[in-house]
Chemist: 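A single structure is presented below for examination.
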Amino acid sequence: THLTTSPGKTGTAGTGRGGGHFYLLSGRVKSGNCGFGMYGAPNSAHGRVYLYYRCRAGVDKLYVTKCDNSVTYNAKYLDRAVWQWLTELMTEPEKIALWLEAYAKQREQQAAPIARRLKAVDNLLSEQRSKLDNLLDLYLEGRMEKELLYRREQELTKMIADLEAEQRRLQEQMTEELSQEKIERIKALAQPASKDRILAWGNDKRRRVMELLDVKGELSYQGGKKRAKVTCILGDSLLSVLPSRSNTPKNCTSRSARC
């Protein structure tokens with residue numbers, strides 16, 4: 001229900017279509033004012049359909065969290081600006097190459113301590129399992145009392161369970177990084193392609209790019225101005241939500257070599 005929706009959750013039109021309409025940022029945009037997901041809101045006027053993004057908490061009184069982000073964001077202009085920004089990134093292969101190089105170094109640095117701890121946990125697990133296996137032999141040889149056997153068995157069993165849980169967490173952290181297959185797909189984006197060709201890509205291909213680059217948006221309304229902060233694994237940018245001649249990114253914030 002609305003009352004259980006939590007900040008950080010994305011919009012409801014998860015397939016990219018809301019009411020049969022395509023929203024580029026569907027399922028990937030939240031309100032910068034409250035953190036709740038935005039949703040696609042079509043509106044008909046004079047025989048035409050206009051698409052907007054809206055914050056549910058800003059318009060629905062059933063939400064526990066109140067939000068002053070009650071304005072609408074024109075999906076036509078916002079989606080166009082986002083795709084033009086992504087097009088700029090995808091037609092600059094040298095920047096993607098620099099990002100991949102920086103990412104590889106960062107991943108190596110981040111993975112090293114995790115790998116060391118995982119190896120230590122593996123060794124501890126082997127030792128504790130060996131001790132548990134030897135308990136019965138010690139008891140049968142008369143070198144351990146029955147009461148002590150039960151106590152040590154419980155201690156070792158709990159220790160092993162805790163180590164196994166940590167082992168799973170560490171393994172998940174190791175696999176959370178971009179897979180090599182995904183890196184190769186990102187490299188493929190760096191292949192020479194004209195901006196006109198990318199701008200002409202259909203909705204299905206655009207949706208795959210959005211997923212590959214993990215594009216996310218945050219729409220804010222402050223001081224009477226609408227702002228759209230858009231991020232992806234290659235960089236981030238502050239975009240204008242209002243229509244303009246070019247809808248080009250504004251105040252691009254560089255992360256490594258990503259803008």
Side-chain angles (χ1 to χ4, degrees), residues 1-89 198-211 213-232 236-252:
T1 64
H2 291 170
L3 294 176
T4 58
T5 304
S6 59
K9 298 297 183 181
T10 50
T12 57
T15 62
R17 298 180 177 88
H21 305 290
F22 178 79
Y23 293 83
L24 185 66
L25 288 170
S26 177
R28 296 182 172 277
V29 64
K30 65 180 180 179
S31 169
N33 295 62
C34 68
F36 280 83
M38 310 287 283
Y39 71 102
N43 183 43
S44 299
H46 307 294
R48 298 183 62 182
V49 177
Y50 300 88
L51 306 181
Y52 300 93
Y53 293 101
R54 298 196 73 173
C55 174
R56 287 194 181 278
V59 298
D60 197 328
K61 296 181 180 180
L62 294 178
Y63 275 84
V64 174
T65 300
K66 301 303 178 184
C67 180
D68 57 1
N69 193 0
S70 58
V71 299
T72 58
Y73 297 82
N74 191 303
K76 174 183 177 181
Y77 299 121
L78 179 59
D79 289 359
R80 180 187 299 167
V82 170
W83 191 249
Q84 287 184 342
W85 171 62
L86 291 174
T87 298
E88 294 293 333
L89 291 178
I198 295 176
L199 289 171
W201 283 353
N203 293 340
D204 287 339
K205 191 163 186 178
R206 292 188 179 203
R207 189 182 300 111
R208 290 196 295 271
V209 171
M210 297 289 285
E211 181 180 355
L213 297 182
D214 193 23
V215 181
K216 296 179 181 178
E218 184 177 290
L219 306 183
S220 304
Y221 182 68
Q222 296 177 344
K225 296 183 179 180
K226 300 177 183 179
R227 291 288 183 266
K229 180 181 179 181
V230 186
T231 65
C232 75
D236 53 60
S237 183
L238 183 64
L239 306 177
S240 171
V241 181
L242 296 175
S244 64
R245 292 183 178 178
S246 62
N247 282 314
T248 52
K250 296 182 178 180
N251 302 327
C252 182

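This is a predicted model, so every value here is computed, not measured. Start at 1 with the first residue, then count along the sequence.
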Chemist: Report yes if some heavy atom in the side chain of Trp201 is under 4.5 Å from a heavy atom in the side chain of Val209; otherwise report no.
Modeler: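 Sidechains of Val209 and Trp201: in contact.
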
Chemist: Cys55 versus Tyr221: any side-chain heavy-atom pair under 4.5 Å?
Modeler: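 Answer no - side chains too far apart.
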
Chemist: Within this structure, what is the OH-CG distance for the pair Tyr23 and Leu78, rounded to the nearest 0.5 Å?
Modeler: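 Output value for this atom pair is 12.0 Å.
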
Chemist: To check you understand the geometry: which heavy-atom pair defines the closest contact between Cys232 and Trp85, and what is its length?
Modeler: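 Looks like SG-CH2, 3.8 Å.
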
Chemist: Decide yes or no for Met210 and Leu86: does some side-chain heavy atom of the first lie under 4.5 Å from some side-chain heavy atom of the second?
Modeler: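 Yes; the side chains approach each other to less than 4.5 Å.
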
Chemist: What heavy-atom pair brings Asn33 and Leu219 nearest, and what distance separates the two atoms?
Modeler: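 For Asn33 versus Leu219, the nearest heavy atoms are OD1-O, 4.0 Å.
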
Chemist: Flag the pair Leu199 / Gln84 as yes when at least one side-chain heavy-atom distance between them is below 4.5 Å, and no otherwise.
Modeler: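 The answer is yes; the side chains approach within 4.5 Å.
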
Chemist: Using 0.5 Å steps for rounding, measure from the CG atom of Asn43 to the CZ atom of Arg48.
Modeler: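 The distance works out to 12.0 Å.
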
Chemist: Test of understanding: with side chain to side chain contact (heavy atoms under 4.5 Å, CB included), list the residues that count as partners of Asp214, not counting sequence neighbours.
Modeler: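 Asp214 satisfies side chain to side chain contact (heavy atoms under 4.5 Å, CB included) with Arg28, Lys216, Ile233 once adjacent residues are dropped.
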
Chemist: Is any side-chain heavy atom of Leu24 less than 4.5 Å from a side-chain heavy atom of Arg80?
Modeler: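 No, every pair of side-chain atoms sits at 4.5 Å or beyond.
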
Chemist: With rounding to the nearest 0.5 angstrom, report the CZ to CE distance, Arg54 to Met38.
Modeler: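 CE of Met38 is found 9.0 Å from CZ of Arg54.
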
Chemist: What are the two closest heavy atoms between Tyr50 and Ala45, and how far apart are they?
Modeler: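 The answer is CE1-O, 3.7 Å.
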
Chemist: Just to verify, which of Glu211, Lys205, Arg206 counts as forming a side chain to side chain contact (heavy atoms under 4.5 Å, CB included) with Arg208?
Modeler: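 That would be Lys205; it is the only one of Glu211, Lys205, Arg206 passing the side chain to side chain contact (heavy atoms under 4.5 Å, CB included) with Arg208.
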
Chemist: Answer yes or no: is there a side-chain heavy-atom contact under 4.5 Å between Ser31 and Tyr53?
Modeler: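 A side-chain contact is absent here, since even the closest heavy-atom pair is not under 4.5 Å.
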
Chemist: Can you measure from CZ (Arg227) to CG (Leu239) and round to the nearest 0.5 angstrom?
Modeler: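 Answer for the CZ-CG pair, Arg227 versus Leu239, is 10.5 Å.
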
Chemist: Answer yes or no: is there a side-chain heavy-atom contact under 4.5 Å between Ile198 and Trp83?
Modeler: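 Yes, side chains in contact.
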
Chemist: Between the side chain of Tyr73 and the main-chain N/O of Ser220, is any donor-acceptor distance below 3.5 Å?
Modeler: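 Judged by distance alone, yes, a pair lies under 3.5 Å.
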
Chemist: Which pair of non-hydrogen atoms, one from Pro42 and one from His21, has the smallest distance, and what is that distance?
Modeler: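 Scanning both residues, the minimum pair turns out to be CB-CD2, 3.8 Å.
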
Chemist: Strictly distance-based, threshold 3.5 Å: is any side-chain N or O of Asn69 a donor or acceptor partner for the main-chain N or O of Cys34?
Modeler: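 Absent.
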
